[in-house]
Structure formats: C-alpha cells, structure tokens
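The structure under discussion appears below in the form of structure tokens.
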Amino acid sequence: MKYRTHLSSEISEALAGREVIIAGWIHLKRDLGGKKFLIIRDKDGYIQVVISRKEQPKLAELFYELTPESTVSIRGTVKLDKRAPNGYEIVPAEIIVHSRAKAPLPLDVSGKVPADIDTRLRERVLDLRRDESRAYFKIISVALRAIREELYRRGFIEIFTPKIIATATEGGAALFPVAYFGREAYLAQSPQLYKELMAGAFERVFEIAPAWRAEESDTPYHLAEFISIDMEMAFADYNTVMEVLENVVYRAVKAVKEECVKELKILNYEPPDIRLPLKRFKYVDVIKALQEAGHNIKVGDDIGTPELREFCKVVKEDLFFIVDWPSEAKPFYTMPRKDNEMFTESFDLNWRFLELASGSTRVHIKDLLIKRLKEKGLNPESFRYFLKWFDYGIPPHAGWGMGLGRFALMLTGARNIREVTLFPRDKKRLKP
RNA sequence: GCCGCGGUAGUAUAGCCCGGCCUAGUAUGCGGGCCUGUCGAGCCCGUGACCCGGGUUCAAAUCCCGGCCGCGGCGCCA
C-alpha cells in the first residue's frame with residue numbers, strides 16, 4: 001500500500017465515492033460504541049475517519065489498539081455526510097500503523113490541557129505538533145522567503161561567512177570557545193567583519209545564519225544561539241540601508257498577512273499594520289522625552305528596557321527607528337557623524353521595547369578604524385587580518401543585522417523567543 | 001548576577017495565608033464498562049502526585065533554613 005494518495009487539504013466533496021489513502025497522526029479518538037471516530041492530522045489539517053462496529057468489526061477491534069500520536073496510513077472511501085466536519089469523512093477499508101505511540105503522552109498535543117513552556121520545550125517534538133507551534137514556524141518560513149525575495153529583488157546575493165573564527169570579531173560580547181585542532185577558536189558572535197569585507201567584493205550581500213553569544217542574559221528575548229539576518233551594502237549610508245530594512249519588514253509582514261490567514265487565526269493575532277516610512281526619532285530627542293517623563297537618564301547612556309517601554313507609550317508608536325546614537329553606545333566600526341563625532345550614523349529598529357535590528361554606516365577608512373578601536377579599548381593588532389583589506393579599496397558601506405526570533409515575536413504575537421525557536425539554547429538549556 | 005513569584009499524579013491546577021477535618025480535591029490523560037453521529041462527546045468504575053535536605057511541632061503539602069529547578073522583571077549584551 002502506498003503511504004498516501006491525498007493530503008487532508010486535497011480531500012473535498014468532489015472526491016465522494018473515490019478511494020483514497022490518507023496518512024498522518026492519530027489526533028483524537030472518540031468511541032461511541034457502535035460508531036468510532038478517528039481524527040487524523042497531517043501537515044495541512046485534519047480529517048475524520050468513521051468506523052462502524054457492525055459493518056467493520058475488524059477495524060472496530062483495531063481501534064482499541066490505536067494510541068494518540070501514532071502514525072498511520074488509512075485506505076478508505078470518501079463519503080459525504082452532513083454530520084461530518086466539512087461535510088465529508090473517510091470510511092476505512094484498511095488501517096496500517098507505521099509507528100505506535102506510547103501512552104500516556106508526556107504532553108497533550110490535542111490542546112485540551114495547556115502545558116508550561118518549560119514542559120513543552122522538554123517535550124518539544126510533541127509540542128511542535130500542536131497547532132500553535134506549527135503556526136509559528138509556518139509564519140517564520142513565509143517571512144523568511146519574503147525577506148529573501150526583497151533582498152534579491154534589490155540586487156543582493158546570499159552568502160555564508162565562517163562560523164568558527166580565530167578571534168573576537170568586535171569585542172564586547174562573550175564568545176563560546178571551540179577546540180580547533182589543538183588551537184583556540186570561537187563560535188562567531190556575528191558575521192560583522194566578514195560581511196563588511198564581502199561588501200567590498202560583491203557590493204550587496206546578505207546572510208541568514210546562526211550567531212552565538214556566551215552572555216549571562218536570562219530574558220524572554222535573548223538566546224545563546226540565534227538566527228541573525230545580516231546585510232551589508234556598498235556605496236550606501238545608514239539612510240539607504242534603513243530604507244532597505246523597512247521595506248524588508250514591510251514585505252515580510254505583508255506576506256504573512258496574506259499567506260498565513262489560517263495561522264494568524266490559530267494564534268488569534270494580527271501583526272501591526274506598517275506605513276512607510278517608519279518614524280525616525282533622534283537619540284537625543286528620545287533622551288529628552290524620557291527626561292521630561294521623569295527618567296533619570298542623560299545623553300550618552302544606553303536606553304534600557306523600562307525606558308523603551310515608556311518611550312513607545314509616550315510617542316504612541318509600535319515600530320520605529322532611533323537614530324544617531326552616541327559613539328560610546330555603538331561598536332568601533334560605526335561611522336561618526338561628520339557634524340559631531342560624539343554621535344554616529346547609526347540606528348536601532350524597535351518594536352515597542354524590543355530591539356529588532358540595529359545598523360549603521362560603517363567606517364571604511366583604515367586610520368579611523370584604528371582610532372575607533374583604541375577608543376573602545378581594543379587592540380588593533382588583533383584585528384590585523386581585518387584591517388589589512390582596508391588598504392585595498394573597501395568602499396563606503398552600511399548595513400544592519402536583525403534577530404529573526406525577535407522579528408518573529410512581532411509577526412506572531414509570541415511572548416517568549418523560545419516559542420519561535422525550534423530547540424532554544426539558553427543559559428540553562430542545552431537539551432533537547 | 002540581582003529582585004519578585006513559584007515547584008502538588010503524564011499534563012494543568014485546588015489546598016498553603018489561618019499546621020490536625022488530606023485516606024490530598026478537580027480537569028485532562030491512562031485502564032475498564034455502557035453507548036450507532038461524535039466534533040472539548042457523554043455517563044459509571046478504577047489509576048496515578050506533595051522538588052531535595054535539614055529544622056520547629058504531639059502533628060508539616062501547609063511554618064522556618066539551605067539547595068536545586070522554573071517563570072517574570074531587570075542587568076549583562078551589535
């Protein structure tokens with residue numbers, strides 16, 4: 001017997017009387033004695049199978065051996081019946097059990113009893129069979145495709161930079177050490193330096209790949225391993241790449257709203273409507289607004305989460321840029337402003353209090369890079385292999401990086417980045 | 001790392017403040033029974049739990065101390 005001839009989504013009233021083979025998981029069983037119902041789940045949805053004790057005594061016996069989440073193929077006839085969900089169901093002739101699930105399940109997949117996120121992550125594969133979980137990852141996939149399409153449309157090429165690196169790319173964040181053939185190596189915290197160099201070869205590049213931070217961060221918005229969407233663009237400044245970013249976001253949201261109607265309904269969530277251009281607030285004006293709201297904050301300070309919560313309430317914006325950050329708040333490769341080098345050509349994209357993306361015009365002049373490295377307390381010598389290429393015509397360039405998980409929170413309404421990460425890695429979690 | 005809250009059957013919860021009426025309640029699951037149209041099926045019977053260690057007390061799920069774990073808020077962090 002073939003595994004399957006039709007997905008649940010391919011069965012309709014038009015197939016009435018036809019023999020089909022469906023395949024999937026046993027989602028629910030309902031036993032009414034003479035009539036027994038199986039709800040079969042596949043990647044697209046659900047379909048009901050009905051067994052009559054009188055007419056199918058052998059299958060009625062088999063029914064008792066079927067456990068929830070077992071995988072089966074069922075050969076049967078499509079039958080129209082007003083009493084069935086959607087008006088049709090399958091009358092089986094044969095049921096093949098491919099893999100019998102142990103009972104009871106460590107997690108209720110059918111959604112009758114909720115489970116804590118901790119339990120769900122422990123039982124993640126079962127959890128990922130739930131409608132909500134599958135909706136999250138469908139939405140993320142649709143968004144990723146839209147992001148790629150928009151960047152390709154604008155003449156970017158997709159690249160992969162090395163993830164095992166010899167030294168810290170930019171100082172600051174702690175790195176995970178790796179044993180590399182007897183030498184010291186690290187997992188990349190960011191593709192930053194490599195993507196800048198690639199802008200010096202391909203002009204427009206992007207990368208969607210994991211990055212690692214060995215930070216103590218323990219919040220619903222940080223992970224030790226996360227997917228970063230990075231781009232870098234030659235002959236561009238931060239205004240140009242901000243425009244690319246807001247268009248990428250716009251396209252992704254549009255695609256999700258158009259293609260994920262079912263998923264958004266499952267999640268009972270509607271992503272924000274986006275009107276371009278997004279508002280740009282100057283860093284100094286944000287500080288001023290916060291001071292007026294009574295916060296003890298001064299120019300030069302980073303803007304913390306409580307302050308950002310306050311700020312988006314005050315300005316009544318959900319999605320906005322904060323631009324022209326002070327030099328001390330941004331990394332060494334960030335270009336200082338020409339009119340005032342205390343500030344930089346830089347931006348954060350915020351959704352409410354959450355920093356989705358950050359970017360800047362980059363420094364493409366070697367002497368200035370060395371000066372900035374020293375100001376940050378970093379040793380230019382350890383960046384020798386990065387710096388030397390700046391002797392050979394690195395163009396002016398700009399770029400940004402966006403955290404996929406954080407973006408996914410905006411797209412899905414999830415409250416914890418672990419929800420939208422298949423197998424999250426955080427301070428405490430290394431398995432599964 | 002700091003602050004707050006929490007840890008009770010497979011899962012989710014009640015009980016804890018005010019120690020004994022707890023033989024630890026409920027839902028769901030699981031096992032069994034009844035039931036020919038369920039769609040959170042229903043009804044009956046059964047099954048299964050107080051995070052670990054120490055202390056207070058005649059008596060601890062309940063109070064105290066320590067540990068471990070979780071969630072949230074911060075911090076750290078391109």
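Every value quoted in this text rests on a predicted model; they were computed, and no experiment measured them. Lettering of chains follows the sequences in order, A, B, ..., and the numbering in each one begins at 1. Note that these values count all heavy atoms, side chains included, but never hydrogens, waters or copies made by symmetry.
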Checklist entry - Looking only at atom P, what distance separates G55(B) and U62(B), rounded to whole Å? => result 14 Å

Checklist entry - Checking all strands, does A211(A) fall into the base, sugar-phosphate, or nothing category for heavy-atom contacts under 4.0 angstrom? => result nothing

Item to check | Donor/acceptor link under 3.5 angstrom from K35(A) side chain onto base of G42(B) | outcome: no

Checklist entry - Reckon R429(A) has a side-chain N or O less than 4.0 Å from the OP1 or OP2 of C71(B)? => result yes

Next on the checklist: Under 4.0 Å from OP1 or OP2 of C74(B): is there any side-chain N or O of R309(A) that close?
Outcome noted: yes

Checklist entry - Between A9(B) and C50(B), how far is it from one P atom to the other, in whole Å? => result 7 Å

Item to check | N416(A) side-chain proximity, nearest of C76(B), G72(B), G1(B) | outcome: G72(B)

Checklist entry - Is the phosphate of C77(B), meaning OP1 or OP2, less than 4.0 Å from a side-chain N or O of R213(A)? => result no

Next on the checklist: Taking only side-chain N and O atoms of K427(A), does any of them lie within less than 4.0 angstrom of OP1 or OP2 on G1(B)?
Outcome noted: yes

Checklist entry - Under 4.0 Å: is that the gap between some side-chain N or O of N86(A) and OP1 or OP2 of C39(B)? => result no

Checklist entry - Looking only at side-chain N and O atoms, does R122(A) come under 4.0 Å of OP1 or OP2 in U11(B)? => result yes

Checklist entry - Does NZ or CZ of K279(A) lie under 6.0 Å from the centre of the six-membered ring of F321(A), at an angle within 45° of the ring axis? => result no

Checklist outcome for this item: dist S73(A):OG -> I95(A):CD1 (nearest 0.5 Å) comes out at 10.5 Å

Item to check | Any N/O donor-acceptor pair, T305(A) side-chain to C74(B) base, under 3.5 Å | outcome: no

Item to check | Over-ring placement of R309(A) relative to F353(A), 6.0 Å and 45° cut-offs | outcome: yes

Checklist entry - So, is Y221(A) near the phosphate of C74(B), with a side-chain N or O under 4.0 Å from OP1 or OP2? => result no

Checklist entry - When we call it a touch if two heavy atoms are under 4.0 Å apart, what does I39(A) touch: a base, just sugar-phosphate, or nothing? => result nothing

Next on the checklist: Taking side chain to side chain contact (heavy atoms under 4.5 Å, CB included) as the definition, give me every residue that meets it alongside V314(A), ordered by chain and number, with sequence neighbours left out.
Outcome noted: E310(A)

Next on the checklist: Any strand counts, and the cut-off is 3.5 Å on both contacts for Watson-Crick or G-U wobble. Which nucleotide pairs with G6(B)?
Outcome noted: C69(B)

Checklist entry - If you find the nucleotide of RNA chain B closest to G304(A) and the one closest to E55(A), which residue's nucleotide is nearer the 5' end? => result E55(A)

Next on the checklist: The side chain of T119(A) is closest to which nucleotide in this list: A12(B), A41(B), G75(B)?
Outcome noted: A12(B)

Next on the checklist: In whole Å, measure the gap between the C1' atoms of U47(B) and U11(B) for me.
Outcome noted: 15 Å

Checklist outcome for this item: Assign each of D31(A) and P68(A) the nucleotide of RNA chain B bearing its closest heavy atom; nearer the 5' end lies the nucleotide of P68(A)

Checklist entry - Are any of K112(A)'s side-chain N or O atoms less than 4.0 Å away from OP1 or OP2 of G29(B)? => result yes

Item to check | Residues in ring-ring contact (aromatic ring centres under 6.0 Å, His included) contact with Y136(A), at least two apart in sequence or another chain | outcome: none

Next on the checklist: For G10(B), does the base pair up with any side-chain atom of E123(A) as donor and acceptor (N or O, under 3.5 Å, distance only)?
Outcome noted: no

Checklist entry - Is K428(A) near enough to C69(B) that one of its side-chain N or O atoms lies under 4.0 angstrom from OP1 or OP2? => result no

